[in-house]
Amino acid sequence: MSDELQDGYEVVVVGGGAAGLNGALMLARSRRSVLVLDGGQPRNAPAQAVHGLFARDGVPPAELLATGRDEVRRYGGQVVEAQVEDVRPDDGSPVPAFVVRLVGGEEVGARRVLVATGAVDRFPEIPGLAQRWGRDVVHCPYCHGWEVRDRVIGVLATGPAAMHQVLLFRQLSEHVVLLANGLDLPSDEAAEHCAALGVRVVHAPVAQVLVDDDALVGVRLADGSRVELGAVAVASRVEARADFLAGVGVKVVEHESGLFSHVPSTDAFGRTAVPGLWVAGNVTEPMAQVGASAAAGAMAGAQINMELVMEGVQRLRMAP
């Protein structure tokens with residue numbers, strides 16, 4: 001299919017990751033005209049493989065997405081590499097509709113918009129940390145814990161949630177170190193957990209991640225001492241990619257947990273407070289793994305299709 005854009009589509013999907021592509025797949029298989037706008041910045045790009053995904057465990061992220069794009073195109077959907085600058089209401093339409101403006105100025109119309117632009121991970125500003133992300137600096141025990149099993153794992157605290165990681169990574173290695181990083185951690189109860197599990201607590205701030213022969217070997221502390229490690233687990237600050245939605249009155253907001261920002265949905269299917277605008281995947285649920293994001297996209301796609309079906313029925317009933 002040509003990458004030449006049409007004037008309008010029944011559904012424009014913003015984001016070409018697992019959520020966006022699975023939503024587009026459901027819609028294309030329902031014979032909807034679908035455009036996927038893929039910004040080309042998948043959150044899991046640094047990872048060598050996707051894990052915990054039924055029947056596809058270990059597949060490289062780029063390969064998984066390439067397969068997904070081919071599947072959408074097989075059913076007539078269109079996938080185009082493009083960045084979205086703005087989404088605004090189509091005030092001239094009698095039903096929910098939008099105008100999607102791309103970076104560069106081109107515009108397309110959409111009766112529905114599914115936003116699946118994912119999120120960005122922000123890290124503590126410690127030299128060497130971000131460069132090892134997705135390799136031997138990890139965040140999720142289910143995504144990458146097996147790959148660092150039995151190593152000496154340092155859990156780098158960014159807040160009280162660090163104890164959650166301590167407990168989960170201790171399941172994967174007998175050698176876990178809590179790097180409190182200058183924070184007032186752990187609490188009395190958490191200290192008892194650490195003692196029971198044999199988890200050493202290092203209180204000094206971390207100054208640098210140490211690498212030798214392209215492998216993480218430890219961290220240097222602010223006092224100059226060194227902690228030997230084989231991997232670091234850290235909870236990133238997760239920020240939703242959705243600033244382009246300001247034109248429809250949708251804002252990225254802080255989650256009540258304080259751990260991430262997101263675009264809230266009003267139900268389990270991905271509806272937002274703006275009629276016709278839907279969200280799926282990490283943009284609304286930053287903790288979702290690839291499988292959960294794909295499932296959310298599929299559910300949103302099915303619900304969007306049903307909404308369009310009922311809109312069509314209503315239009316026929318109102319016809320003279």
Side-chain angles (χ1 to χ4, degrees), residues 1 11 13-32 34-81 114-119 121 133-151 165 168-169 171-173 231 233 236 238 241 265 268-270 278-306:
M1 174 174 285
V11 185
V13 178
V14 186
L21 289 173
N22 217 23
L25 181 63
M26 298 292 281
L27 288 157
R29 283 178 51 83
S30 298
R31 307 189 77 173
R32 295 294 178 187
V34 182
L35 169 66
V36 178
L37 298 170
D38 183 359
Q41 297 177 325
R43 181 183 177 191
N44 62 356
Q48 294 180 328
V50 173
H51 293 291
L53 181 61
F54 173 70
R56 297 293 285 162
D57 185 81
V59 63
E63 179 182 326
L64 185 69
L65 295 180
T67 301
R69 289 191 289 269
D70 289 343
E71 289 173 347
V72 170
R73 288 169 173 144
R74 182 190 309 162
Y75 295 103
Q78 194 174 359
V79 183
V80 174
E81 291 187 13
L114 172 58
V115 177
T117 41
D121 293 285
W133 179 244
R135 302 170 70 184
D136 35 28
V137 172
V138 299
H139 73 299
C140 173
Y142 302 108
C143 300
H144 305 293
W146 176 266
E147 283 63 46
V148 299
R149 69 194 185 282
D150 296 330
R151 300 185 195 179
Q165 287 186 308
L168 291 176
F169 278 97
Q171 175 67 22
L172 296 159
S173 173
S236 60
V238 185
R241 287 191 186 111
S265 61
F269 307 121
W278 299 66
V279 288
N282 285 166
V283 72
T284 186
E285 180 46 77
M287 304 301 289
Q289 293 177 264
V290 171
S293 292
M299 180 61 74
Q303 292 293 316
I304 291 170
N305 179 61
M306 190 64 204

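Quantities reported herein were computed from a predicted structural model and do not represent experimental measurements.
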Nearest 0.5 Å please: distance from the CG atom of Leu37 over to the CD atom of Gln78. 9.0 Å
How about Val59 and Thr67: do any of their side-chain heavy atoms sit closer than 4.5 Å? no
Residue list, side-chain contact (heavy atoms from CB on, under 4.5 Å) with Ala280, at least two apart or on another chain: Ala19, Leu114, Ala296, Ala300
Side chain to side chain, Val138 and Phe169, heavy atoms closer than 4.5 Å: yes
To the nearest 0.5 Å, what is the distance between CG (Leu27) and CG (Leu35)? 12.0 Å
Has the side chain of Arg74 got a donor or acceptor atom that lies under 3.5 Å from a matching backbone atom of Glu71? no
Mind checking whether Ile304 and Arg32 have side chains closer than 4.5 Å, heavy atoms only? no
Using a cut-off of 6.0 Å, state whether more than 12 heavy atoms not belonging to Arg31 lie near its atom CZ. no
Can you list everything that forms a side-chain contact (heavy atoms from CB on, under 4.5 Å) with Tyr142? Sequence neighbours excluded, please. Cys140, Leu168, Gln289
Please give me the minimum heavy-atom distance between Ala295 and Asn22, naming the atom from each residue. N-ND2, 4.2 Å
Would you say CZ of Arg29 has more than 12 non-hydrogen atoms from neighbouring residues, nucleotides or ligands within 6.0 angstrom? no
Any side-chain heavy atom of Arg241 sitting closer than 4.5 Å to one from Gln41? yes
Measuring from Glu147:CD to Arg135:CZ, what's the distance to the nearest 0.5 Å? 14.0 Å
Kindly give the heavy-atom pair with the smallest separation between Val283 and Ala116, and that separation in Å. CG1-CA, 4.4 Å
Who passes side-chain contact (heavy atoms from CB on, under 4.5 Å) against Arg69, sequence neighbours left out? Leu21, Asp38, Leu65, Ala66, Arg73, Val79
What are the two closest heavy atoms between Gly291 and Leu53, and how far apart are they? CA-CD1, 3.6 Å
Checking the side chain of Gln165 only, and the main-chain atoms of His139 only, is there a donor and an acceptor separated by less than 3.5 Å? yes
Please identify each residue that fulfils side-chain contact (heavy atoms from CB on, under 4.5 Å) with Ala119, with sequence neighbours left out. Val238, Asn282
Arg43 side, atom CZ; Ser236 side, atom OG - distance, nearest 0.5 Å: 5.5 Å
On a heavy-atom basis, which atom in His144 and which in Ala47 lie closest, and how many Å separate them? CE1-CB, 3.7 Å
Derivation of the side chain to side chain contact (heavy atoms under 4.5 Å, CB included) call for Val72 and Val34: CA-CA 9 Å; Val72 170; Val34 182; 5.5 Å; no
Tell me the closest heavy-atom pair linking Val36 and Gly15, and the distance in Å. CG1-O, 3.7 Å
Using the salt bridge (Lys or Arg N to Asp or Glu O under 4.0 Å) rule, collect all pairs that involve residues 48-59, keeping only residues at least two apart or in two chains. Arg56-Glu63
Qualifying residues under ring pair (Phe, Tyr, Trp, His ring centres under 6.0 Å), relative to His51, sequence neighbours excluded: none
